[in-house]
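All values below come from the heavy atoms of this structure, side chains included, with hydrogens, waters and symmetry mates left out. For clarity, every value in this text was computed on a predicted model and none was experimentally measured.
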Amino acid sequence: MIDTMFNSANQAAIFVPMLVVVALTFVAFVHLAIARGKAAGQMPPEYYRAHIGDPEPEAARAAVRHYGNLLELPTLFYAACLTAFVLSAVDMWTLIFAWSYTALRLMQSAVHMSYNNPMHRGLAFMAGALALLALWVNVAAKLFAAL
């Protein structure tokens, strides 16, 4: 019965966790813009031409790093989700792993954009990386099963 819930008509469900991570990326971009806007008054305008000189205040640097992080490991998440969709391999486990990664990425971002405790952020990152690895193992197993 559960398998029938994940037939080809439901393959598009994989795009929902992807859209959540995309939305998170835009939230981080706005957070970055606000942090840089606040820092701009403290920085010489020349700094932003080539980012040479004294570094930005910590809040702006953290926002920059957070936004950059969302353009790194999540690319593997997007690729896994798209691969699962193309292979018509979206099933319960694929969605569980995708949503797990998404939830953990949201937790990591919440820590990074608020109190920024490296231990808490790192735990969320590691757990998310494991969820992403599980997603890829799941997709790879389905690929090899289809060959």
Would you call Glu72 and Arg65 a salt bridge, taking side-chain N to carboxylate O under 4.0 Å as the test?
yes
Transitive ILVMFWY side-chain link Phe15 to Val21, under 4.5 Å:
yes
So CD of Gln42 and CD of Glu56: to nearest 0.5 Å the spacing works out to 10.0 Å
hydrophobic_cluster_shared for Leu104 and Ile96, side chain cutoff 4.5 Å:
no
Taking the side chain as everything from C-beta on, heavy atoms only, tell me whether Asn69 gets closer than 4.5 Å to Arg105.
yes
Please determine whether residues Tyr101 and Met107 belong to a single hydrophobic cluster, defined as Ile, Leu, Val, Met, Phe, Trp and Tyr linked transitively by side-chain heavy-atom distances below 4.5 Å.
no
Is there any ring pair (Phe, Tyr, Trp, His ring centres under 6.0 Å) pair reaching into residues 53-73, and which pairs are they, with sequence neighbours excluded?
Phe29-Tyr67, His66-His112
Point-to-point distance, once rounded to the nearest 0.5 Å, from SG of Cys81 to CE of Met18:
5.5 Å
Between Asn116 and Ala62, the two heavy atoms sitting closest are ND2-CB, 4.0 Å
Closest heavy-atom contact between Tyr115 and His120?
OH-ND1, 2.7 Å
First locate atom CZ of Phe97, then atom CD1 of Ile14, and finally report the distance between them rounded to the nearest 0.5 Å.
11.5 Å
Beyond-backbone contact of Leu71 with Thr25, side-chain heavy atoms, under 4.5 angstrom:
yes
Review item, side-chain donor-acceptor pairs of residues 122-145, under 3.5 Å, at least two apart:
from: Trp136; atom 1: NE1; to: Leu76; atom 2: O; distance (Å): 3.0
from: Asn138; atom 1: OD1; to: Thr94; atom 2: OG1; distance (Å): 2.9
from: Lys142; atom 1: NZ; to: Asp91; atom 2: OD2; distance (Å): 2.7

In this structure, OH of Tyr78 is separated from CG of Leu73 (nearest 0.5 Å) by 11.0 Å
Out of curiosity, does Leu32 fall in the hydrophobic cluster containing Val22 (side-chain heavy atoms, cut-off under 4.5 Å, transitive links)?
no
Distance (rounded to the nearest 0.5 Å) between Leu24 CG and Leu106 CG
5.5 Å
Same cluster or not: are Met113 and Ile34 linked, directly or through other Ile, Leu, Val, Met, Phe, Trp or Tyr residues, by side-chain heavy atoms under 4.5 angstrom apart?
no
Do Ser109 and Arg121 touch side chain to side chain, with heavy atoms closer than 4.5 Å?
no
Around atom CZ of Phe26, are there more than 12 heavy atoms of other residues, nucleotides or ligands at under 6.0 Å?
no
